[in-house]
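Letters A, B, ... mirror the listed sequences (proteins, then strands); counts begin at 1. Values below: every heavy atom of this structure, side chains too, minus hydrogens, waters and symmetry copies. In this text, all values refer to a predicted model and were calculated from it rather than measured experimentally.
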Amino acid sequence: MNASEPAAAVASGPGVKLYGLLAEFATSEQMVAAVQAARDKGYQLMDCYSPYPVGEAADALGFPKSEMGTVMFLGGLTGAVSGFLMQYWANAYGYSLNIGSRPYFSWPSFVPVTFEMMVLTAALTGLFGLIALCGLPCYYHPLFNCPKFDRATRDRFFLCIEARDPRFDPVGTREFLQSLQPLSVEEVPE
Amino acid sequence: MHPLVQRPHTLVSVGEALGEVVFKPHPRGWWLGFLAGFALLQMLMVAIAWLFYAGVGIWGINVPVAWGFAIVNFVWWIGIGHAGTLISAILLLLHQKWRTSINRFSEAMTIFAVMCAGMFPLLHMGRPWFFYWLYPFPNVANVYPQFRSPLTWDVFAVTTYFTVSLVFWYIGLIPDLASLRDSAPKKIQRIIYGILALGWRGSAIHWRRYEKVYLLLAGLSTPLVLSVHTVVSFDFSVSIVPLWHATIFPPFFVAGAIFSGFAMVVALAIPVRRWYHLEDFITDHHLDLCGKVMLATGMLVCYGYFSEVWMAWYGHSLYEWGTTIERLFGPYGWSYWCLIFCNLVVPQILWSRQARRSDFWLMVVSIFVLIGMWFERYVIVITLSREYIPAAWGRYAPTIWDYATMFGSLGLFLTLFFLFVRYLPMISMAEMREMLPKSQGGGGAHSIMENAP
């Protein structure tokens with residue numbers, strides 16, 4: 001599908017696959033209220049888009065807690081353990097040096113590097129974990145077909161109910177979204 | 001309560017003021033800063049080329065002062081970097097919302113300062129092309145670094161610090177890059193910013209993960225920044241040189257780092273906010289707070305100077321006290337009094353609220369502090385010229401190549417900084433939008449991590 005064609009004109013024809021319906025709101029409160037209403041209606045597959053984080057929206061979408069804490073904890077733990085063992089092996093077995101007659105396994109002097117390795121791996125797991133769990137990089141997404149969606153990173157708040165949702169119905173869902181007083185409702189072609 | 005954003009900005013006008021400047025022609029001041037930096041960078045290139053050809057003998061280093069300018073500049077630059085992390089991480093955790101105006105370009109400052117810092121030990125190695133020997137890697141000689149040495153810790157500390165700062169900065173940039181992608185007038189700009197933005201679309205689920213990562217990175221960077229300068233101070237204090245072997249070194253170094261780093265933030269913020277008309281976002285109130293931080297950390301540093309002399313006198317060690325007398329009144333005594341003037345006397349101006357709110361006086365104090373903190377490291381390093389037995393005493397004088405490398409590193413820093421200001425939003429748009437009151441469409445003065453359970 002050609003992304004530059006007006007979405008509504010294309011999508012309304014028969015045989016065109018829909019990704020979902022996109023409602024545009026002027027404020028974050030309206031968006032949050034819309035998600036709550038959609039959830040009460042029984043919709044499951046939907047997402048909100050905003051220029052800055054709106055925690056209430058994520059709560060209303062049923063994502064109260066991010067998994068990133070666990071991911072980064074495991075990353076940091078891996079780094080700390082492997083960093084410590086690496087030093088132990090290098091200075092006790094790989095290349096054992098007698099420094100001031102201290103034992104080869106003089107663990108207190110391994111603490112700084114263990115800490116640095118923990119921070120390094122936790123941060124890198126954070127970055128790559130975030131990218132991977134969010135499915136990024138994602139240079140094509142159906143939402144980018146909507147010209148209005150450009151404002152999701154500037155000054156508009158969007159709710160998109162996806163066509164995969166079992167309760168989705170092109171006419172009924174549109175009527176429902178219209179009842180929430182959005183600025184516009186658009187069809188998102190796949 | 002001072003407003004952190006002047007005038008009734010909206011979500012759109014924040015984007016225009018902060019983001020869309022990168023699509024507009026350069027202001028004249030930008031050229032001034034960039035060309036000055038670029039000219040100095042050429043000097044660095046010449047100095048490094050000659051160093052690679054002729055070796056470290058072109059510098060003034062000798063025995064006993066084997067480190068010379070290289071370590072002075074290393075510690076100076078890495079200290080400057082620390083303010084960026086303090087602003088972006090520690091002030092975030094402490095809910096200091098005024099940090100939002102200055103955190104992005106302070107983080108950029110951190111990255112560029114650490115690049116300048118990291119260059120000096122590498123150049124000082126003599127054969128910099130073997131720099132990877134600093135890291136443990138499987139090799140036929142079966143040789144590994146000595147992990148009981150603070151110098152090895154330093155390699156890991158600085159590498160981690162640079163990487164984590166870069167990760168923190170980039171994660172902060174992703175939503176802004178997406179915003180630039182969506183507002184760029186030219187196709188090439190949409191493509192480049194689009195690639196860098198990774199296809200970010202501001203999903204609520206993504207934001208929740210994003211905030212959690214941001215919060216955890218702030219939590220990780222806080223001990224990290226303290227550990228980095230602590231390890232840098234271990235380079236000195238683990239030795240047995242009089243006046244170096246002191247337990248005050250780690251906190252003393254960290255306070256000095258933040259002192260000089262804030263001076264650099266202020267020295268960059270004042271001209272840049274004027275050239276880019278950012279007075280609405282970096283208000284006099286922000287600079288006032290930076291002035292207070294400088295005053296507080298400056299007094300901590302001065303307590304360190306007092307403590308060094310006091311401990312030497314009270315400790316009844318011949319060498320500690322003798323080295324102190326040499327430091328104060330020996331051949332390099334002038335540098336000690338320079339440092340006292342720049343770091344103790346001049347910053348007292350900041351007690352005045354009027355001075356903290358004046359561009360001129362803040363700039364004057366910042367430049368004195370930057371010079372003073374450079375002298376502090378010089379004074380510490382030059383201690384090696386007269387320590388234990390007089391037979392081992394010596395003199396140290398930098399050569400023209402020392403100066404070329406030092407000022408050249410400033411050129412590298414300025415070049416990178418002005419390229420950053422030119423092509424990336426220097427104040428976070430997403431965080432600023434969230435900072436706006438709800439009546440102006442914002443998130444009601446939320447800061448970026450407050451939705452992160």
[X] to [Y] - nearest heavy-atom pair and separation:
X: A:Met86; Y: B:Pro136; answer: SD-CG, 3.5 Å
X: B:Gly199; Y: A:Leu136; answer: O-CD2, 3.8 Å
X: B:Trp207; Y: A:Pro51; answer: CZ2-O, 3.4 Å
X: A:Ala123; Y: B:Leu220; answer: N-CD1, 4.2 Å
X: A:Gly55; Y: B:Arg208; answer: O-NH2, 3.5 Å

Measuring only between side-chain heavy atoms, which start at C-beta, is [X] closer than 4.5 Å to [Y]?
X: B:Met429; Y: A:Arg154; answer: no
X: B:Arg201; Y: A:Thr153; answer: no
X: B:Phe147; Y: A:Ser106; answer: no
X: B:Arg181; Y: A:Asp150; answer: no
X: A:Phe63; Y: B:Arg209; answer: yes
X: A:Phe115; Y: B:Ser227; answer: yes
X: B:Leu11; Y: A:Tyr52; answer: yes
X: A:Leu127; Y: B:Val213; answer: no

Only pairs of heavy atoms separated by less than 4.5 Å count here; which of [options] has the most with chain A?
options: B:Leu217, B:Asn142, B:Val14; result: B:Asn142
options: B:Ile171, B:Val143, B:Val228, B:Leu180; result: B:Val143
options: B:Gly15, B:Ser221, B:Ala157; result: B:Ala157
options: B:Val167, B:Leu216, B:Val12; result: B:Leu216

Exam field: side chain A:Tyr139 to backbone B:Ile195, donor-acceptor pair closer than 3.5 Å: yes

Within the side chain of B:Arg148, is there an N or O that forms a donor-acceptor pair under 3.5 Å with the backbone of A:Tyr104? yes

Under 4.5 Å heavy-atom distance to chain A, tell me which part of [X] shows up: side chain, backbone, both or neither.
X: B:Ser149; value: neither
X: B:Pro223; value: both
X: B:Tyr170; value: side chain

Is it the case that over 12 heavy atoms from other parts of the model lie below 6.0 angstrom from the [atom1] atom of [X]?
X: B:His245; atom1: NE2; answer: no
X: B:Phe131; atom1: CZ; answer: no
X: B:Lys24; atom1: NZ; answer: yes
X: B:Phe23; atom1: CZ; answer: yes

Is any residue of residues 68-77 of chain A within less than 4.5 Å of chain B by heavy atoms, and which ones? A:Met68, A:Gly69, A:Met72

Within residues 87-99 of chain A, the residues sitting under 4.5 Å from chain B by heavy atom, in sequence order, are A:Gln87, A:Trp89, A:Ala90, A:Asn91, A:Gly94, A:Tyr95, A:Leu97, A:Ile99

Could you tell me which portion of [X] (side chain, backbone, both or neither) has an atom closer than 4.5 angstrom to a non-hydrogen atom of chain B?
X: A:Ser50; value: both
X: A:Phe158; value: neither
X: A:Met31; value: neither

Contact leader toward chain B among [options], where contacts are heavy-atom pairs under 4.5 Å:
options: A:Ala26, A:Ala60, A:Ala58; answer: A:Ala58
options: A:Gly135, A:Gly126, A:Pro112; answer: A:Pro112
options: A:Ile131, A:Thr121, A:Leu124, A:Val119; answer: A:Val119

What distance do [X] atom [atom1] and [Y] atom [atom2] have between them, rounded to the nearest 0.5 Å?
X: A:Leu130; Y: B:Ile174; atom1: CG; atom2: CD1; result: 6.0 Å
X: B:Ser203; Y: A:Leu61; atom1: OG; atom2: CG; result: 7.5 Å
X: B:Trp200; Y: A:Cys134; atom1: CH2; atom2: SG; result: 5.5 Å
X: B:Trp153; Y: A:Thr114; atom1: CH2; atom2: OG1; result: 10.5 Å
X: A:Ser28; Y: B:Lys438; atom1: OG; atom2: NZ; result: 4.5 Å

Walk me through it: do A:Asp47 and B:Ile205 pass the test side chain to side chain contact (heavy atoms under 4.5 Å, CB included)? CA-CA 7 Å; A:Asp47 204 346; B:Ile205 307 289; 3.8 Å; yes

Hey, is A:Asp155 close enough to B:Arg433 for a salt bridge, meaning N to O under 4.0 Å? no

Any chance you could lay out the side chain to side chain contact (heavy atoms under 4.5 Å, CB included) test for B:His206 and A:Leu133, step after step, and finish with the verdict? CA-CA 8 Å; B:His206 295 182; A:Leu133 285 171; over 6 Å; no

